[in-house]
Amino acid sequence: MERIPMTSEGHKALEEEIKFLKSIERPRIIKAIAEARAHGDLSENAEYHAAKEQQGLNESRVLELEDKMSRAEVIDVSKLSGDTVKFGAIVTLADEDTDEEVKYQIVGELEGDVKKGKVSVTSPIARALISKSVGDSVEVNTPGGGKSYEILKIEYK
């Protein structure tokens with residue numbers, strides 16, 4: 001079984017999503033199915049079919065998340081340190097063309113959210129940064145073309 005690395009924050013978010021799907025979404029969908037059944041003929045009951053489809057999607061999402069939770073390898077980033085970039089690192093970069101600074105944390109695949117400054121360990125930028133040190137330059141192929149960054153700071157929190 002392939003382990004899935006994630007931060008403790010990402011693990012907690014998965015637990016919360018599973019709890020939400022089971023304790024709030026599941027009962028809501030069951031109620032919607034019951035209400036639709038009360039309308040009579042199920043063969044032409046669009047509300048019933050929509051609710052059953054929602055139920056299937058919800059249950060498959062629960063199974064998917066539970067599978068990922070069972071394979072999770074939670075890494076406590078606060079106990080990590082070092083001078084090179086690795087999983088969990090918060091890396092401050094300077095765009096070598098514009099001098100614009102950006103900060104990213106390297107997290108598990110399920111946690112990646114660029115808008116929140118979290119990049120998946122499998123993303124092109126994370127792969128380019130892994131094992132690099134402060135002062136190193138990295139080339140990243142992005143959808144908009146190649147970008148060059150200089151690593152300004154590496155921290156583990």
Side-chain angles (χ1 to χ4, degrees), residues 1-32 50-157:
M1 236 190 325
E2 186 181 328
R3 305 297 287 164
I4 300 172
M6 64 179 63
T7 63
S8 54
E9 185 181 292
H11 190 264
K12 184 178 178 191
L14 274 185
E15 286 176 334
E16 288 173 3
E17 185 176 353
I18 291 171
K19 184 178 176 184
F20 171 79
L21 292 172
K22 285 181 167 183
S23 63
I24 295 179
E25 277 300 294
R26 186 180 281 165
R28 182 192 65 75
I29 293 168
I30 291 170
K31 184 178 176 188
K52 288 298 280 182
E53 185 174 332
Q54 279 183 337
Q55 183 180 39
L57 293 171
N58 188 64
E59 295 307 312
S60 67
R61 179 71 176 155
V62 168
L63 289 173
E64 175 188 359
L65 294 177
E66 286 177 338
D67 171 60
K68 292 186 185 321
M69 287 285 288
S70 71
R71 296 185 294 134
E73 181 178 338
V74 180
I75 298 169
D76 186 355
V77 178
S78 66
K79 293 182 178 168
L80 297 176
S81 62
D83 296 334
T84 60
V85 177
K86 55 188 168 227
F87 183 89
I90 299 169
V91 185
T92 305
L93 305 169
D95 186 315
E96 291 184 343
D97 297 328
T98 64
D99 286 334
E100 181 182 331
E101 286 188 19
V102 291
K103 189 184 275 193
Y104 295 120
Q105 181 177 20
I106 299 176
V107 296
E109 278 188 74
L110 303 172
E111 304 170 77
D113 186 348
V114 176
K115 293 176 184 159
K116 292 181 180 176
K118 296 176 184 269
V119 293
S120 165
V121 69
T122 59
S123 69
I125 191 161
R127 288 195 314 252
L129 291 170
I130 296 291
S131 301
K132 300 291 192 277
S133 302
V134 172
D136 287 352
S137 286
V138 293
E139 287 285 328
V140 181
N141 291 323
T142 66
K147 285 236 178 216
S148 295
Y149 294 101
E150 180 184 349
I151 300 174
L152 301 177
K153 187 176 177 184
I154 302 169
E155 51 191 331
Y156 296 92
K157 294 181 187 176

Report all side-chain donor-acceptor pairs from residues 76-84 shorter than 3.5 Å, counting only partners two or more places apart or in another chain.
{"from": "Asp76", "atom 1": "OD1", "to": "Ser78", "atom 2": "N", "distance (Å)": "3.2"}
{"from": "Asp76", "atom 1": "OD1", "to": "Ser78", "atom 2": "OG", "distance (Å)": "2.6"}
{"from": "Asp76", "atom 1": "OD2", "to": "Ser78", "atom 2": "OG", "distance (Å)": "3.4"}

* To do: Could you tell me which residues satisfy salt bridge (Lys or Arg N to Asp or Glu O under 4.0 Å) with Lys22, sequence neighbours excluded, listed by chain and number?
  =>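 Salt bridge (Lys or Arg N to Asp or Glu O under 4.0 Å) list for Lys22, sorted by chain: Glu66.
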* **Sequence-distant partners of Arg28, salt bridge (Lys or Arg N to Asp or Glu O under 4.0 Å), two or more places apart** =>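 Arg28 satisfies salt bridge (Lys or Arg N to Asp or Glu O under 4.0 Å) with Glu25 only.
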* With Lys132, which residues qualify under side chain to side chain contact (heavy atoms under 4.5 Å, CB included), at least two apart? ->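 Scan of Lys132 (side chain to side chain contact (heavy atoms under 4.5 Å, CB included), adjacent residues dropped) gives Asp136, Val138, Ile151.
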* To do: List for me each residue that meets side chain to side chain contact (heavy atoms under 4.5 Å, CB included) alongside Asp67, sequence neighbours excluded, and say none if there are none.
  =>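 Listed in chain order: Ser70, Arg71.
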According to side-chain hydrogen bond (donor to acceptor under 3.5 Å, both in side chains), who are the partners of [X], at least two apart in sequence or on a separate chain?
X	result
Ser137	Glu96
Ser120	Thr122
Glu155	none
Glu59	Arg26

* Qualifying side-chain hydrogen bond (donor to acceptor under 3.5 Å, both in side chains) pairs, either residue in residues 10-20, two or more places apart ->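 Residue pairs with at least one partner in residues 10-20: Glu17-Arg61.
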Non-hydrogen atoms of [X] and [Y] that approach each other most closely:
X	Y	result
Pro5	Ile75	CB-CD1, 4.0 Å
Leu129	Val85	O-CB, 3.2 Å
Ala94	Leu152	CB-CD1, 3.7 Å

Side-chain polar contacts of residues 143-150 - donor-acceptor pairs under 3.5 angstrom, sequence neighbours left out - could you list them?
{"from": "Lys147", "atom 1": "NZ", "to": "Asp95", "atom 2": "OD2", "distance (Å)": "3.0"}
{"from": "Ser148", "atom 1": "OG", "to": "Glu139", "atom 2": "OE1", "distance (Å)": "3.4"}
{"from": "Ser148", "atom 1": "OG", "to": "Glu139", "atom 2": "OE2", "distance (Å)": "2.4"}

* To do: Dump the intermediate steps for side chain to side chain contact (heavy atoms under 4.5 Å, CB included) on Leu65 and Leu21, then the final yes or no.
  => CA-CA 10 Å; Leu65 294 177; Leu21 292 172; 3.9 Å; yes
* **Sidechain-backbone polar pair: Ser60 side chain, Gly56 backbone, donor-acceptor under 3.5 Å** =>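 Indeed, once roles are kept as given, a pair shorter than 3.5 Å links the two residues.
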* Under the 3.5 angstrom rule, does the side chain of Glu111 hit a backbone N or O of Gly10 as a donor-acceptor pair? ->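 Pair found, side chain donor or acceptor close to backbone of Gly10.
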Check residues 100-107 and write down every donor-acceptor pair under 3.5 Å in which the side-chain atom is one partner and the other belongs to a residue at least two apart or another chain.
{"from": "Gln105", "atom 1": "OE1", "to": "Lys118", "atom 2": "NZ", "distance (Å)": "3.3"}
{"from": "Gln105", "atom 1": "NE2", "to": "Gly88", "atom 2": "O", "distance (Å)": "3.3"}

* Asked: How far does CD1 of Ile29 sit from CG of Asn58, to the nearest 0.5 angstrom?
  ->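 Result: 4.0 Å between the selected atoms.
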* **Gap separating the CD1 atom of Ile18 from the CG atom of Leu63, nearest 0.5 angstrom** =>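 The distance works out to 10.0 Å.
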* Any chance CD of Glu64 has more than 12 other-residue heavy atoms, nucleotides or ligands included, within less than 6.0 Å? ->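 Result for CD/Glu64: enclosed.
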